[in-house]
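To start, the structure under review is shown below, and the notes come after it.
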Number of protein chains: 2
Amino acid sequence: MTFSVPNMKSCTDCPIRYNAVCSKCEPDEIEILEQIKYYRSFAAGQTVFFAGDLLEFVGSIVSGVASLTRTLPDGRVQMVGLLLPADFMGRPNRETIDTDIVAETDLMLCCFRRKPFEKLIEQTPHVGQRLLEMTLDELDAAREWMLVLGRKTAREKIASLLYMIATRMVKLTPGAPEKISFILPITRETMANYLGLTIETVSRQMTALKKDGIIAFDDRRDIKVPDIDVLKAETGEDVYS
Amino acid sequence: MTFSVPNMKSCTDCPIRYNAVCSKCEPDEIEILEQIKYYRSFAAGQTVFFAGDLLEFVGSIVSGVASLTRTLPDGRVQMVGLLLPADFMGRPNRETIDTDIVAETDLMLCCFRRKPFEKLIEQTPHVGQRLLEMTLDELDAAREWMLVLGRKTAREKIASLLYMIATRMVKLTPGAPEKISFILPITRETMANYLGLTIETVSRQMTALKKDGIIAFDDRRDIKVPDIDVLKAETGEDVYS
DNA sequence: CGGTATGTTGATATGTTTCAAATCAGGTGG
DNA sequence: CCACCTGATTTGAAACATATCAACATACCG
């Protein structure tokens, strides 16, 4: 697995420049960030932080996917967050981290040592404002997921996850709104940990959705969605809007 | 049900002055807040906002308890947040709200119309900074609850909820660390909606915990915890720390 | 080309829900 | 002060969904 630090002389060329925690920054603020940022990469499967670790740095996902998970003493695992490009990792004003953070795919991070970053939040208001926005969005997403975990059936859970991924793909790939196709970026086990299910149940429900024509796949990862509204109807939510 | 606006000439006398979104404000910032704040009260059971409503104001819980809930079209309900005194309600930069907010007890709010409050965040940095802290804390709490909802058994869920309430009470009432007693501030139905269970299961598990001597109660609301560590052991988490 | 991860399928066990009925607590009016 | 009413809670029996245990199939990778 080889990595190269993206060829970025300046943040101007950064792929997440207008979505990440720095997106509201003026040129002079960017310059300050630029002086203290550094890149780190992790291979798929590597752990970025273990729960309980000192939180030495915070940062943005430049590319790849990372998961936040909590584990009970007897080994039960629940994913509690999924970080995609532009998402922010870590939290200011906290000495240690309380979840594992794992690279689900190869990962590139734009990092800041935590202490300097905390000072920076006080100096450059646009960083704090953007971080507040992003945190509020994450909180909304977490609450949405609490509804899924607490009240939905296994079939509805799977449909909800697929629907979320599918709509996210549509957003990234403008074009035909129907007949969506995407590569599942996560394993059955990761799906299970996300949804509070076992891998067997995930597998069975995927098969059931396929049998009912809601989704189609031959390769286990390459999912096709003939009609996104039909999929949404399986999530238990209203189809409208 | 009668309410009186607390006798507060100034924020100085406010019971949540040093915990709420205003806690970091300097006297000059407080003065600005003071000019636009207003109080509103709601009786237990009243709905403050319905999901989809225009978010006309935001504000702090001065006293009482409010819940955030999401409802599926077929009537399934999941609580996704519980607001206690000093907690913040609503979110800046969002036109509508996506959860119901209900007064679980009589409620007193310190409100700000949303638009002026949004401007205020940009002008008075300490409000935004504190709001970021509070939002990050809420996100942590939401993730903790995702673990409960996704991976814990009914018995562990009940124990987790009771443990949370018990420890919160201990924090408020310094004194004997063992032999805790508290009044459950919520009904069995509210507990069920919080935990993703039915009221029958809640009732059965409460009875089971009582039978096993983990908790004690004659009145359905007045709970005694003989040994808080024994209760914690039932949550499925590590007892240490 | 074997060996290991990952994923699928089947049979059974288990925990929680569902449906139904009984009990309890608090408030109201006689 | 008591009988009654209502909503909240408890309890029981049966149905159901998901987990568990076990075997097998498939894809991946050196």
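The analysis underlying the following values was restricted to heavy atoms, covering all of them including side chains, and did not include hydrogens, waters or symmetry mates.
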Closest non-hydrogen contact found for A:I101 with A:M89 is CG2-CE, 3.6 Å

What nucleotide, of D:dT10, C:dT8, C:dT17, holds the atom closest to the side chain of A:R188? C:dT8

Would you kindly give the CD-to-P distance between A:E189 and C:dT8, to the nearest whole Å? 13 Å

Take A:D218 and A:E200, find for each the nucleotide of DNA chain D with the closest heavy atom, and name the residue whose nucleotide sits nearer the 5' end. A:E200

Through what angle, rounded to 10 degrees, does the axis of the helix from C:dT6-D:dA25 to C:dG30-D:dC1 turn between its ends, using five pairs per end? 40°

Remember a base hit wins even if backbone is also touched, and classify A:L197 as base, sugar-phosphate or nothing at under 4.0 Å, heavy atoms. sugar-phosphate

Under 4.0 Å between a side-chain N/O of A:R204 and OP1 or OP2 of D:dA17, yes or no? no

Would you say a side-chain N or O of B:T187 is under 4.0 Å from OP1 or OP2 of D:dA8? no

Would you check if A:R94 and B:D137 make a side-chain contact, meaning some heavy-atom pair closer than 4.5 Å? yes

Given D:dT9, C:dT16, D:dT11, the nucleotide with the shortest approach to the side chain of B:T201: C:dT16

Interatomic distance where CD1 belongs to A:I186 and C1' belongs to C:dG7 [whole Å]: 14 Å

Atom pair distance, as rounded to whole Å: CG in B:D74 and C1' in C:dT17: 14 Å

Quick note, A:S203 side chain, CB onward, closest among C:dT16, C:dG7, D:dT20 is C:dG7

note: B:D222, atom CG; C:dG26, atom P; distance rounded to Å ~ 12 Å

Atom-pair distance (CD1 on B:I199; P on C:dT16), nearest Å: 16 Å

Do the non-hydrogen side-chain atoms of A:T235 and A:E156 ever get within less than 4.5 Å of each other? no

A:F182 side chain reached by A:L184 side chain, heavy atoms, under 4.5 Å: yes

If you round to the nearest 0.5 Å, how far is OG of B:S203 from CE of B:M191? 9.5 Å

What is the glycosidic conformation of D:dA22: syn, defined as within 90° of 0, or anti? anti

Report yes if at least one side-chain N or O of B:T207 is closer than 4.0 Å to OP1 or OP2 of D:dT10; otherwise report no. no

Return whichever of A:D219 or A:V202 has its heavy-atom-nearest nucleotide of DNA chain D closer to the 5' end. A:V202

Please check if the distance between the ring centroids of B:F42 and B:F49 is under 6.0 Å. no

Counting any heavy atom closer than 4.0 Å, what does A:R221 reach on the DNA or RNA strands: base, sugar-phosphate only, or nothing? sugar-phosphate

Atom CD of A:Q205 and atom P of D:dC16 are separated, to the nearest Å, by 16 Å

Contact class for A:G45 (heavy atom, under 4.0 Å): base, sugar-phosphate, or nothing? nothing

State, yes or no, whether a side-chain contact exists between B:V148 and A:M146 at a heavy-atom distance under 4.5 Å. no

Spacing of CD belonging to A:Q205 relative to CD1 belonging to A:I215, to within rounding of 0.5 Å: 10.5 Å

Gap between atoms NZ and P, on A:K211 and C:dT8 respectively (whole Å): 12 Å

Whole Å only: how far is the CZ atom of B:R151 from the C1' atom of D:dT20? 13 Å

